[in-house]
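Chain identifiers are assigned alphabetically (A, B, ...) following the order of the sequence lines, protein sequences preceding nucleic acid strands; residue numbering begins at 1 within each chain.
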2 protein chains.
Amino acid sequence: MATQRILDFLATRRPEGPCLVVDLDVVRENYRAFERALPDSRIFYAVKANPAPEILKLLADLGSSFDTASVPEIEMALDAGATPDRISFGNTIKKERDIARAFDLGIRLFAVDCKEEVEKIARAAPGSRVFCRVLTDGAGAEWPLSRKFGCVPEMAVDVLRHAAALGLDAYGVSFHVGSQQTDLSAWDRALGDARFVFEALAEQGIVLRMVNMGGGFPTRYLRDVPAAQAYGQAIFTALSKHFGNRLPETIIEPGRGMVGNAGVIKSEVVLISRKSEDDAVRWVYLDIGKFGGLAETMDEAIRYPLVTRHDGEETAPCVVAGPTCDSADVLYEKTPYPLPLSLTVGDEVLIEGTGAYTTTYASVAFNGFAPLRSYVI
Amino acid sequence: MATQRILDFLATRRPEGPCLVVDLDVVRENYRAFERALPDSRIFYAVKANPAPEILKLLADLGSSFDTASVPEIEMALDAGATPDRISFGNTIKKERDIARAFDLGIRLFAVDCKEEVEKIARAAPGSRVFCRVLTDGAGAEWPLSRKFGCVPEMAVDVLRHAAALGLDAYGVSFHVGSQQTDLSAWDRALGDARFVFEALAEQGIVLRMVNMGGGFPTRYLRDVPAAQAYGQAIFTALSKHFGNRLPETIIEPGRGMVGNAGVIKSEVVLISRKSEDDAVRWVYLDIGKFGGLAETMDEAIRYPLVTRHDGEETAPCVVAGPTCDSADVLYEKTPYPLPLSLTVGDEVLIEGTGAYTTTYASVAFNGFAPLRSYVI
């Protein structure tokens with residue numbers, strides 16, 4: 001996943017310290033793959049995945065819309081050239097004064113998952129469109145979602161009816177099947193729930209028009225065109241099954257799927273040691289860890305590919321850890337990582353698939369270390 | 001733990017958004033308590049706990065030394081007025097070029113836990129003092145240490161002999177019993193290991209002089225003077241038991257114990273909701289979460305006291321979560337937090353005991369949210 005452009009950049013510029021390099025060509029390919037796989041869906045890029053201005057600008061130029069989590073993200077999307085009608089305030093947890101600021105900036109599309117949030121929006125953003133997030137179980141996803149967002153479908157009916165009663169535009173339903181979702185039936189189940197909400201409200205004279213299918217599209221499938229088509233086809237089939245020939249508008253919100261495989265972190269081996277003479281595993285310490293941008297290694301959830309100049313040589317299991325004095329700053333230990341025996345201090349290690357959820361996760365200055373630098377090329 | 005000075009500051013200044021307020025009077029009291037409890041030990045404040053310049057300046061003026069994790073932390077300690085002989089480069093994981101920079105800045109005291117690190121120091125900081133960290137099991141600590149730092153005592157003997165052979169000053173041994181350690185026997189076991197290393201090297205003509213007892217002193221005990229004395233007494237007794245009348249120099253490295261109880265985070269309730277009509281727990285969403293500075297709630301390890309204006313009224317169990325669109329941004333769920341039923345959106349929530357390991361842990365801009373602001377008064 002380290003493209004030749006990224007390798008050339010690193011070879012030429014030789015940046016000091018850990019850094020992320022993102023190849024815009026890959027982002028463009030990913031955008032096109034989403035367009036091809038789901039031609040009838042509007043794409044709202046999840047800005048939180050990587051808000052680098054160059055990425056937002058490229059996607060705005062390609063015609064993307066933007067899913068934002070906060071007022072600063074709305075401002076970034078506007079700065080990149082997106083018009084307010086292409087921006088959704090997709091966080092279900094918003095201060096009323098932030099809703100008002102978004103409304104002032106022209107935003108008219110908001111996520112909710114409870115009546116309290118509907119009431120804030122009715123006061124601070126009157127007449128806006130709202131969609132209600134429905135809980136899914138997240139089964140089959142590599143980075144499963146908790147119950148943090150959404151409500152059960154029965155409650156979504158009440159929430160959207162409340163929105164309509166308060167003069168808001170009850171626009172639709174959203175769900176998220178969990179990140180890196182590989183089980184195609186997850187979309188079928190969630191679309192069934194969406195249909196339930198559509199029908200229950202239609203019986204009360206409220207006609208929803210939109211289903212926001214969230215993100216969760218696994219990167220590695222989308223790069224493979226037949227597989228991407230299979231995803232698109234499975235989702236289209238599920239839509240047709242549940243909505244017949246009255247298909248709703250649909251939205252997708254790719255984040256990791258748009259930028260994850262476009263970025264590579266360059267890091268360096270700081271130390272290799274054992275804890276005792278008879279220790280079976282080596283400890284390999286890199287100059288980036290959990291608090292420098294690799295937060296998604298929490299509970300060893302995301303296992304990034306590590307590339308070294310010794311690949312292909314004999315390997316042995318290693319614990320991989322970060323450079324801080326924090327004992328929790330260990331990336332892979334429960335499942336040790338096989339790394340070449342010839343790896344030595346000072347060697348470069350490329351951490352692939354790190355274009356999403358890295359730069360913004362980096363801590364401000366934990367242990368005095370600077371945040372992750374980023375180059376978008 | 002919210003002192004009157006902190007409450008007055010918040011009432012007068014009414015800062016917008018989440019923020020940390022640290023009361024320097026409490027830091028001063030903590031420093032004095034450490035001095036009284038362990039009068040024969042040098043205090044090296046663990047800068048990583050909170051590197052606010054005002055805190056470093058106060059401690060430098062009080063005579064503290066400083067345990068640092070990186071070159072930027074060394075520079076901060078120097079800026080605060082500490083002379084290089086009062087600064088230790090306590091991270092066992094260091095790039096050789098950072099060791100060289102520290103040496104240039106006058107630093108002559110370094111932590112190691114393997115021969116490879118000794119060799120870097122011999123090259124980049126010739127003649128310096130080194131101490132070798134020994135593994136402890138961390139049993140009894142609320143934030144237990146992994147095996148990330150240190151080596152077994154037998155290997156520490158080899159590491160320090162190697163240091164002496166390369167012209168370094170084999171100065172001593174360090175250990176860390178784990179943060180918020182309440183089991184006094186943890187120090188006894190670790191000091192027994194230290195004695196083993198001292199004796200094994202003495203037989204080879206290498207005389208160590210220092211034991212670095214790390215941090216781990218629990219805040220709540222130290223504020224209680226008899227308990228603080230009990231800690232000091234237990235440690236002194238263990239030292240005497242293992243080293244007889246040839247007591248080594250000792251160092252302690254308090255971090256959380258120095259600043260944890262000096263700080264309070266002011267936050268705000270953004271949303272309170274249920275996931276279904278029959279949901280037993282409410283979800284309370286604050287404007288600060290795991291990625292805004294409360295990283296130590298990972299695995300619900302640290303349970304901060306939450307204070308609201310409704311305290312004393314009837315409570316019910318809540319899940320407490322942060323404001324980001326990340327499903328992992330949940331503070332307390334496995335063990336729900338009892339909060340007043342009368343709590344409402346917009347209410348202020350004080351998160352106590354948050355002076356340590358919060359500001360620097362905050363993410364740069366995850367979800368577009370600004371890092372945690374800090375006021376030191």
Side-chain angles (χ1 to χ4, degrees), chain A residues 47-48 51 68-73 76 90-95 113-114 116-117 135 144-152 154-155 268 270-277 283 285 287 291 295 298 321 323-325 327-330 333 345 359-371, chain B residues 47-48 51 68-73 76 90-95 113-114 116-117 135 144-152 154-155 268 270-277 283 285 287 291 295 298 321 323-325 327-330 333 345 359-371:
Chain A
V47 174
K48 59 184 175 287
T68 63
S70 64
V71 172
E73 285 195 355
M76 289 185 247
N91 193 340
T92 53
I93 310 154
K94 301 175 287 298
K95 290 182 181 173
D113 67 358
C114 64
E116 292 76 2
E117 196 73 10
L135 270 176
L145 297 168
S146 66
R147 286 166 53 84
K148 183 174 177 188
F149 309 104
C151 60
V152 297
E154 293 75 13
M155 187 180 257
E268 174 182 332
V270 181
L271 184 64
I272 301 175
S273 66
R274 292 176 197 269
K275 300 296 165 184
S276 64
E277 291 298 339
W283 281 69
Y285 300 91
D287 62 359
F291 305 108
M298 212 185 318
T324 68
C325 285
S327 54
D329 186 14
V330 175
E333 181 174 19
V345 169
T359 50
T360 57
Y361 260 130
S363 69
V364 176
F366 190 55
N367 274 227
F369 291 111
Chain B
V47 174
K48 59 184 173 288
T68 62
S70 64
V71 171
E73 285 196 354
M76 288 185 248
N91 193 341
T92 53
I93 310 153
K94 300 175 289 296
K95 291 182 181 173
D113 68 357
C114 65
E116 291 77 1
E117 196 73 9
L135 270 176
L145 298 168
S146 65
R147 287 166 52 84
K148 182 174 177 186
F149 309 104
C151 60
V152 298
E154 294 73 15
M155 186 181 257
E268 175 183 334
V270 181
L271 184 64
I272 301 177
S273 66
R274 293 177 197 268
K275 300 297 164 184
S276 64
E277 292 298 338
W283 281 69
Y285 300 90
D287 63 358
F291 305 108
M298 212 185 319
T324 67
C325 285
S327 55
D329 186 14
V330 175
E333 182 175 19
V345 168
T359 50
T360 56
Y361 261 129
S363 69
V364 176
F366 189 55
N367 274 227
F369 292 110

Among the options [options], pick out the one with the most heavy-atom pairs lying under 4.5 Å from chain B.
options	answer
A:C114, A:P51, A:G90	A:C114
A:E333, A:K95, A:E117, A:E116	A:K95
A:S276, A:A321, A:P371, A:A370	A:S276

Pairwise distance CZ(A:F149) to OH(B:Y285) - rounded to 0.5 angstrom: 7.0 Å

Rounded distance (nearest 0.5 Å) linking atom CD1 of A:I93 with atom OG of B:S273: 8.0 Å

With heavy-atom distances below 4.5 Å as the criterion, would you say the side chains of [X] and [Y] are in contact?
X	Y	result
B:V152	A:R274	no
B:V364	A:T360	no
A:D113	B:K275	yes
B:K148	A:T324	yes
A:E277	B:E154	no

Side-chain donor/acceptor of A:N367 to backbone N/O of B:S70, under 3.5 Å: no

Closest non-hydrogen atom pair, B:P72 against A:G368: CG-O, 3.1 Å

Toward chain A, the part of B:V270 with a non-hydrogen atom under 4.5 Å: both

Segment of B:C151 engaging chain A (4.5 angstrom heavy-atom cut-off): both

